[in-house]
2 protein chains.
Amino acid sequence: MTSLIPSVSLARRNLAFEVVSSLRAEIISGKLEPGVSLAEPVLAKRFGFSRAPIREALIELESEGLVEFQATGRTRVRILVESDFLEIRDARVALESMGARRAAARWTSGDTAWIEVNLKAQVNASTLAELSRLDIDLHEYVMLRGDNKRVLTLWQSIRRQFEMCLAKLHRNQQSLAFEPRQITVSAHRRLLAALASGSPEKAAQTMAAHIEDSMEWAPMYNQGLDGAMA
Amino acid sequence: MTSLIPSVSLARRNLAFEVVSSLRAEIISGKLEPGVSLAEPVLAKRFGFSRAPIREALIELESEGLVEFQATGRTRVRILVESDFLEIRDARVALESMGARRAAARWTSGDTAWIEVNLKAQVNASTLAELSRLDIDLHEYVMLRGDNKRVLTLWQSIRRQFEMCLAKLHRNQQSLAFEPRQITVSAHRRLLAALASGSPEKAAQTMAAHIEDSMEWAPMYNQGLDGAMA
DNA sequence: GAATCAAAAATTGTCGACACTTTTAAACAA
DNA sequence: TTGTTTAAAAGTGTCGACAATTTTTGATTC
C-alpha cells in the first residue's frame, strides 16, 4: 500500500539516491535515533562508496529536514522538540487543507471505495504502528488526489518529519495510553463524508479540524525525552 | 528592505553556499533564463572553484525547484509552464493563509506601522519591478510574523519559483498592460485591515482571496512563450 | 577524584583524476 | 542542400588525496 508514493524529483539514479533512500527509511523508522552522528567517512565505509555520494545524500536529507548540519560542519540526525512538533502540525493543516480542497473538487466513487478499504484495514489493525501507517496512507491518498505536485512535495517533506515524531512516540509508548482506534476511524469517516460531499470548502475545514484534533497530544510530546537523550 | 530575509538553514558557510546564493539570485532575477544549461565544468571555471562545491550547490538549487536535473544527468535552469504557475498559486494560498492566520493572532500596532510604510512606498513606486519587490516584501513580512520556521521555509521555496514567473512576465511586458498599482495597494489595505482586526480566520480568508485575485493573470502566462524558447 | 594540557585520531572542505556516456562538430555521401 | 556516419569535445559519476580543523584520548597535575 506504500507503493502509491510517487518518485518525486530525484531524477538522478546514482549512488547518492541509494544512500538517501536508505538513510531516510532508517531515520523515519527511528532506527537511527535523533542526535546520532552521521560522519561521512563512517557512512562511506558502511555503504562501500566514496565520500562524494554520501555528501550529496546528506545535503538532500538536510533540505528534507531529516538531518541537521551543526555549526562545526558535523552532521547528525535531526533532533525534534515540542516546538518543532507544533510547527509540523500547522504546516500539515495548511498543506492538507489545500490538498483536501482540491481532492474534493475531483472526488469520484472510486476514491470513496479506496478510502473504505483503508478504513476496514484500520478497524482490523492489530498494532499502533500499523494503525499509524494506515492513517498516513489515507492522508497521502488525499494529497495525491489533490493533484498538485508542489503541494504534494512540500507535504512529503513535512510528512517525513511527522513520521520522525511518531517514531519517538512509539519509543516512549506510555504517551499513547488512550485507545486511538475508534477515534481515528470515526474522524476519518467524517473526513470521507466531507470529501465526497462535493464541497471543497467543507473538505478543507474538516481536514484542518481533523489534523488539529488528531495531533492534540502535542503537549505530552516531550514527556519521555529525559531518558531518551542520545 | 530585503534584509528581512532570515538565513534559513544552510548552516554551512562553504563555497557551495556562495554558489547557491549567486546562482539563485541570477535565476530569480531572470538573468539566467529558463532552459539555460548549467554544466559543472563551465560553472567551476566561472567561479574559480572545483566541481565539488558546484555539484553541491546544484543539488541544493534542485531541491528549491529553481533548477532541474534531466534524465541524462545534465542540469538546466527550470522551465516553468502555466500548470506550474497554477500550482504555485495554490501552494501560496495554502501557506500564506496559514501565515496570515498566525500573524493575525500576534499582530501589533508596530506591525501595522511597518505595513503602512511599505504601502506608502508602493504608492510612490516608479517601475513595475519595484512594485513587485515591495509586494513580495509585504507578503514576506506577514510570513515572518507568522512565526513558524517550517511554513516560512516552504514558502521561501515557493516564493522563489514565483519570482521566476515574475521575471518571465517582465521579459514579455505586454502581459501586464493594465495598471496594477491601485488594485495592488487597495487589496493590501484590505489585507492589513484583516490582519489588524484580531480575527485569524478573517485574515486567512482575506489573504487567500487576495492571492487568487492578484494571480488572476495566470491564463495569459504562456502568451509570450513562443519567442522566448531558449 | 577532578581539572588541565598535549598528542593522536577523526572529520570536513576542497581538489584533481579517470572511466564512461552524451553531445557537438566535421567529414562525407546522396 | 540534406542526411548520415565518425571523430572530437564536453559532461557526469565516482574515487582517492591532502590540508585544516575539530574531537577524542591519555597523561599529568592539583
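Just so it is clear: chains get the letters A, B, ... in the order the sequence lines come, proteins before strands, and each one is counted from 1.
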For DNA chain D, whose closest nucleotide is more 5', that of Leu15(A) or that of Arg74(B)?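 Here Arg74(B) is the residue nearer the 5' end.
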Take atom [atom1] of [X] and atom [atom2] of [N], then tell me their distance rounded to the nearest Å.
| X | N | atom1 | atom2 | value |
| --- | --- | --- | --- | --- |
| Asn14(A) | dT22(C) | CG | C1' | 16 Å |
| Arg76(B) | dT23(C) | CZ | C1' | 15 Å |
| Phe69(B) | dG11(D) | CZ | C1' | 14 Å |
| Gln70(B) | dG11(D) | CD | P | 13 Å |
| Ile59(A) | dT12(C) | CD1 | P | 12 Å |
| Glu60(A) | dG13(D) | CD | P | 13 Å |
| Leu58(B) | dG11(D) | CG | P | 13 Å |
| Glu40(B) | dA17(C) | CD | P | 17 Å |

Pro41(B) side chain: which of dT12(D), dG13(D), dT14(C) is closest?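 When the side chain of Pro41(B) is considered, dT12(D) is the closest of dT12(D), dG13(D), dT14(C).
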Is [X] salt-bridged to [Y], cutoff N-O under 4.0 Å?
| X | Y | value |
| --- | --- | --- |
| Glu82(A) | Arg89(A) | no |
| Asp84(A) | Arg150(B) | yes |
| Glu40(B) | Lys45(B) | no |

Would you tell me if any nitrogen or oxygen in the side chain of Arg12(B) comes within less than 4.0 Å of OP1 or OP2 on dG13(C)?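 Answer is yes, contact under 4.0 Å.
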Does the plane of the ring in His210(A) sit parallel, tilted or perpendicular to the ring in His188(A)? Use 30° and 60° as the thresholds.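 It falls in the perpendicular class, over 60°.
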Where does the angle between the aromatic ring planes of Phe85(A) and Phe162(A) fall among parallel (under 30°), tilted (30 to 60°) and perpendicular (over 60°)?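 It falls in the tilted class, 30° to 60°.
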Looking at Thr108(A), is its backbone amide N or carbonyl O close enough to the side chain of Asp111(A) to form a donor-acceptor pair, meaning the two atoms are under 3.5 Å apart?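 Yes: the side chain of Asp111(A) pairs with the backbone of Thr108(A).
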Which ones in residues 44-56 of chain B lie close to DNA chain D, meaning a heavy atom under 4.0 Å from one of its atoms?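 Under 4.0 Å from DNA chain D: Arg51(B), Arg55(B).
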Let me confirm one number: the OG1-CZ distance from Thr75(B) to Arg55(B), rounded to the nearest 0.5 Å.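 One finds 8.0 Å between OG1 of Thr75(B) and CZ of Arg55(B).
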